[in-house]
Amino acid sequence: MSPLTYDDWAEAIAAFFFDAAHAGDEVLFAIDDRSLSEVSGLPEAEAVQSLSSAVRSVVGIDWGVDLVARRAWRWRREGPIGPHPALPLLALTVLAASRMGGDRALAPHNYYVPLRHLLDPGDDEKGAPGTFTSYIELLWHDVARWVNDDQAGRHGRLVIRDTGYLRFVGLAVQHALVKSADLRHLDAFFRRIGLEPGEEVAPAELRRALAVWTASRDEPWARRLGRISTDDGLSTLCEALLEREARCWDGRSRDPRTGRPVGRIRVGIPSLRRPIPGLYVEWDERLPEAATMSLPDSGEVELVRWEGWYSPHPLADVDVAKALFDGFEFRANGLRFALRPDAVHALAYDDDLGAWVSVDSMSYGDRYQLLVWWQSRDEIIRFLEREAPDTWRLDERAVRFLPDGWHLITDVQINTRPSNTPPAAMAALIPAGPGPRLRLFGGLPITTMQGVYLRGGEPALALSTISEEDRISIERLETGEVEHFRVVNGEKREISLWKLQLEPGHYNVRHGESTVTLQIVDGIAEVAGPGAGSVAHAGRDNVQVVGTRVADSTPPSVPITIRAPRSSDATVVLGSRPENYAVVTLPAWLSTQVGFELTWRTIDAWVDFQPAWQLAADAAGNYQAFLLTELEPESTQDGSATKWGRMIIRATLVSDQPERAVELWDRYRAVAKGRQR
Amino acid sequence: MTAVGTCAPGDELLRWVSEAGSGSWDRLRDASAYLCQKAQLNVRPSTLATQLSTLGHLDIDWSRRTWSVVPPTLNLVPGLGLCIVLTGSRPHYVDRRFEEATDDLDVYPFEVAQSPAPVARYAKCASVEVAESVARHLGASLVIDPARQLVDAMRAADETPLEQAPPPPLEEACRFDPETLTWRAEHHERPGLYRFDLHGRTVHRRLDQYGYWWAIDRASGQFLELRGPSLDILRWRSPSRKGGRSHCLEVRRELALPILAERAATVSSGLVPQEIDGWRRYLNVPRDLAVDLAQRLLQTIEVI
């Protein structure tokens with residue numbers, strides 16, 4: 001392969017950092033050895049060498065930065081068409097910034113020596129080289145103009161911040177404060193602080209939370225993120241970076257440089273009897289249907305979508321033990337798939353795969369198998385003993401099949417939010433307990449509105465671990481009234497807000513410098529919330545049933561309203577024929593359910609004939625007839641042989657009836673006695 | 001009216017689903033889990049949600065993992081003496097309108113607590129016309145004899161559409177034993193009904209004699225297995241002569257009823273079933289309804 005020219009590098013850098021995936025977003029021009037390798041497809045050392053040669057071919061070892069400026073002017077005069085010609089040079093300046101502090105012989109803030117070394121390893125001169133200081137600012141601003149104005153931000157935006165006393169150096173340093181790979185860890189950070197996609201959090205709060213989150217970690221990436229979050233001079237930059245990343249975060253991993261999705265690799269176990277773990281590549285709608293990927297150490301693999309996964313599954317020829325311990329990733333054509341090296345993996349059953357595979361978080365009431373690293377095992381067991389009694393089991397036999405150091409805890413089921421703080425290794429799996437940010441958990445939030453809760457369904461408030469304060473304040477915004485509460489010191493720094501019986505209104509809760517707002521309402525929906533009645537059950541002939549309503553059913557006959565019988569009696573409804581006979585009783589049993597005596601003046605009668613008379617017993621037990629509908633009796637048989645006839649014979653017409661009713665009753669009695677007209 | 005804050009978890013969940021309207025199972029599960037924790041109720045979150053569905057307040061599509069609340073409905077049920085049963089959505093404003101609509105000499109509202117399920121709410125009306133007027137005021141539909149309509153709409157157990165499905169994790173799955181009505185882990189992969197856990201609830205698969213697996217709901221699966229010379233699993237109990245004890249349908253506690261049957265049985269009284277001596281007892285289910293319901297389940301019913 002022929003070496004990459006300066007123009008080739010300009011093309012490659014532009015395509016990698018400034019593409020449609022970044023539309024409207026600020027681009028972090030984070031150049032380091034690894035990103036150069038990804039840009040060029042070359043191994044890291046070769047990529048650095050190639051870029052250095054390409055830049056040297058234009059500026060020479062005397063650092064004629066004016067030569068790049070001239071290219072840029074010419075390019076602008078002629079178009080501008082294609083990528084900005086200063087990109088490779090600026091990339092080299094950021095690469096130099098990423099190497100600051102890497103040479104123990106130099107002061108950590110020394111920038112120019114690492115810069116000079118990139119073009120000429122023997123150049124140990126100090127200070128800015130050649131015409132660097134005369135042109136470098138112009139070039140950064142011109143690249144920003146190209147990205148922001150000429151392309152109208154369609155491929156991202158470049159922000160030139162005031163770098164204060166670091167006038168020439170700061171331009172590059174602001175892109176190299178963290179390595180681009182460091183930003184991948186923000187996914188875990190956002191999960192840990194319970195950030196919801198689309199949620200707006202004050203950038204200063206995010207920065208403080210990041211400082212706390214990284215303080216307990218000793219990895220190089222954590223130190224770098226920790227530095228930008230704690231150095232006062234970098235706070236503006238850090239907050240801008242966090243604000244941007246939080247805004248873009250959709251709850252799923254993506255590459256912070258390219259904006260492209262990062263696919264997930266899951267750990268899976270096909271059989272609990274022989275729990276031999278494998279790696280499974282998960283598909284989601286952001287990813288292609290098929291891809292050819294390079295596996296570390298074992299050539300290429302052709303991934304083809306199968307349901308929500310890629311086949312082959314599990315991946316063959318992968319050192320699973322190493323992957324579990326160190327994490328695992330593979331890439332090609334700008335796509336990346338990754339497995340995080342977590343100390344606990346919660347595995348849920350996947351019906352498509354027929355295997356238990358790892359998930360991002362545990363849901364209440366679901367059953368999981370936990371794959372646990374030995375150092376976290378005891379702490380997790382102690383937690384489960386308190387939060388999931390009698391549901392789980394440490395499978396001693398499983399160690400025969402698992403990589404060294406891993407254990408399997410089976411049938412873990414946590415039904416409600418834990419009352420104890422989950423162990424650190426499980427913190428990202430179970431959203432509970434205090435974190436760096438003041439957080440609201442649970443409650444009855446109304447779907448479409450963030451931070452709005454039903455009265456009585458107020459969430460739990462997990463206090464910020466940043467603040468040592470033992471008091472919180474709750475301000476009701478409508479009245480300005482503020483109440484202070486002291487937090488009882490316990491293992492779990494949490495307050496159940498529903499216990500405070502807050503009135504409906506807007507509230508601002510403060511703990512130290514961390515705040516959270518919420519609104520409490522009695523209700524919003526007039527009849528039912530959006531989408532009510534949209535789910536139906538299919539019945540016979542696909543008839544749709546919603547609740548107790550059957551669509552398109554024949555309307556049943558409506559009952560009639562009649563006088564209620566006395567509590568211990570029944571009443572009888574008669575039609576015009578001897579078979580039209582119905583007994584109606586009071587539902588006295590309902591009083592037992594209600595817990596007090598129900599009484600009735602009227603009652604419903606569900607008869608499948610047209611009612612003519614109601615016969616009701618009086619206090620002496622004698623039946624009296626009340627006319628319901630004027631219907632002539634219809635019978636050719638002897639009515640006295642039927643209950644219908646016997647009841648008519650037994651009853652008398654209630655007094656003070658009109659003459660027509662008296663005559664009709666006489667005709668019924670005649671039929672009842674078998675004396676038809 | 002029961003004050004919010006002192007009510008059963010089922011009431012609070014019903015209030016929430018009524019305000020939220022519809023959503024994913026995940027959200028419903030989280031809300032249920034919160035309420036279980038608040039009430040110190042150690043049950044699966046699906047328990048509360050299923051109860052709402054049984055009572056006709058909520059429809060859940062388990063295959064799509066979505067749900068929606070049922071619009072408010074007043075049910076005029078035979079045998080309840082013009083006491084209409086309120087099912088479906090109960091947001092704050094419906095509750096208020098219900099109070100207004102029943103603030104009348106011709107209407108007497110009352111309720112029956114049945115925690116953790118939501119209270120059964122009734123309005124005793126002076127006539128059918130008054131019931132219609134309450135429904136109009138509430139913006140609710142009035143359903144006449146819902147239980148009969150639901151049973152008529154039920155598919156027979158052997159008419160339930162089946163979808164082919166992947167096999168369950170057999171080492172985890174249990175097989176339904178139709179002779180003892182129990183679930184057994186030692187199944188030797190014989191044809192029959194299997195159950196296992198998926199996404200926080202128990203799901204069921206049927207293995208046919210040709211070795212194919214089918215997705216099926218628990219009730220249809222159980223009654224298909226129980227087809228033929230049957231055990232004593234469904235019975236109808238006649239009422240006491242003076243109405244002090246209601247007629248009722250009784251179902252062995254080990255068995256599930258299909259959702260439409262379950263709903264028909266509960267709306268007959270507006271109450272969740274009582275569990276007595278290994279039987280679930282549904283009050284105020286008329287005999288003809290019980291007979292038809294049993295027929296749909298490929299069973300005959302014993303009358304006691």
Side-chain angles (χ1 to χ4, degrees), chain A residues 271-273 349 351-352 354 363-367 415-417 442-444 446-447 454-457 498 501 522-537 539-540 543 545-550 553 556 558-559 561 568 585-590 593-594 600 602-604 606, chain B residues 4-5 12 16 18-23 29 31 33-34 36-37 42 44-46 56 59 61 66-71 73 75 78-82 87-89 91-93 110 112 126-128 139 143-146 149 153-155 166 171 197-200 242-246 259-260 267:
Chain A
S271 160
L272 290 179
R273 286 197 190 139
Y349 188 73
D351 209 16
D352 292 329
S363 301
Y364 302 124
D366 286 14
R367 205 155 60 97
N415 284 332
T416 59
R417 212 162 59 73
L444 300 177
I446 294 184
T447 314
L454 274 183
R455 186 184 199 178
W498 64 269
Q501 298 190 314
D522 269 328
I524 289 171
E526 276 297 312
V527 175
S534 55
V535 172
H537 295 281
R540 281 172 121 178
V543 65
V545 181
V546 174
T548 54
R549 242 179 334 156
V550 180
S553 61
V558 177
T561 307
S568 56
T585 52
L586 287 177
W589 59 272
L590 198 51
Q593 301 298 319
V594 181
W600 280 265
T602 51
I603 194 173
D604 48 341
W606 300 69
Chain B
V4 173
E12 293 191 82
W16 180 77
S18 303
E19 296 286 351
S22 58
R29 178 192 52 208
Y34 161 79
C36 288
Q37 188 195 32
N42 191 18
R44 273 190 152 185
S46 57
D59 285 304
D61 182 340
T66 58
W67 58 271
S68 71
V69 73
V70 174
T73 310
N75 301 277
L80 286 186
L82 280 173
T87 58
S89 166
H92 173 70
Y93 291 107
F110 64 94
V112 176
S127 67
V128 176
V143 177
I144 313 279
D145 198 358
Q149 294 194 51
M154 262 180 79
R155 286 185 168 120
E171 57 199 26
D197 216 67
L198 188 64
H199 308 311
K242 305 225 167 172
R245 193 190 67 227
S246 159
I259 183 64
L260 299 190
V267 80

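In the text below, chain A, chain B and the rest are named by the order of the sequence lines, each starting its count at 1.
Shortest non-hydrogen contact noted between Glu171(B) and Ser271(A) is OE1-OG, 2.9 Å. Here the closest non-hydrogen pair linking Thr602(A) and Ser127(B) is OG1-N, 4.5 Å. Taking each heavy atom of Val594(A) and Phe110(B) in turn, the nearest pair found is CG2-CE1, 3.4 Å. Nearest approach of Leu260(B) to Val545(A), heavy atoms of both residues: CD2-CG1, 3.7 Å. Between Val535(A) and Ser68(B), the shortest heavy-atom distance links the atoms N-OG, 2.8 Å. His92(B) and Asp522(A) make their closest contact through CB-O, 3.2 Å (heavy atoms, listed as atom of the first residue, atom of the second, distance).
No side-chain heavy atom of Ser246(B) sits less than 4.5 Å from a side-chain heavy atom of Gln593(A). Side chains of Glu19(B) and Leu444(A) form no contact here, defined as non-hydrogen atoms less than 4.5 Å apart. Counting heavy atoms from C-beta on, the side chains of Asn415(A) and Pro45(B) come closer than 4.5 Å.
Between the side chains of Thr73(B) and Arg549(A), no donor N or O sits under 3.5 Å from an acceptor N or O.
Comparing Gly442(A), Ser534(A), Ser553(A) by how many heavy-atom pairs each has under 4.5 Å with chain B, the most go to Ser534(A). The candidate from Val69(B), Thr66(B), Val267(B) with the greatest count of non-hydrogen atom pairs under 4.5 Å with chain A is Val69(B). Interface remark: of the candidates Gly139(B), Ala126(B), Gly81(B), Gly88(B), Gly81(B) forms the most heavy-atom pairs closer than 4.5 Å to chain A. The candidate from Gly56(B), Pro71(B), Ala31(B) with the greatest count of non-hydrogen atom pairs under 4.5 Å with chain A is Pro71(B). Considering only heavy-atom pairs separated by less than 4.5 Å from chain B, the leading option among Ala536(A), Ala532(A), Pro559(A) is Ala532(A).
Tyr34(B) touches chain A through its side chain: at least one heavy atom from C-beta onward sits under 4.5 Å away, while N, CA, C and O do not. Of the atoms belonging to Trp606(A), it is side-chain heavy atoms, and not backbone ones, that fall under 4.5 Å from chain B. Proximity to chain B (any heavy atom under 4.5 Å) is shown, for Val527(A), by both the backbone and the side chain. Within the 4.5 angstrom heavy-atom criterion, atoms from both the backbone and the side chain of Asp145(B) approach chain A. Looking at Ile259(B), only its side chain comes within 4.5 Å of chain A, counting heavy atoms on both sides.
Ile524(A) CD1 to Ser18(B) OG: the interatomic distance, rounded to the nearest 0.5 Å, is 13.0 Å. The CZ atom of Arg367(A) lies 4.5 Å from the CG atom of Asp197(B); values are rounded to the nearest 0.5 Å.
Remark: side-chain polar atoms of Ser22(B) are not paired, donor with acceptor, to backbone N or O of Gly529(A) under 3.5 angstrom. Looking only at distances, a side-chain donor or acceptor of Asp604(A) sits under 3.5 Å from a matching main-chain atom of Leu82(B).
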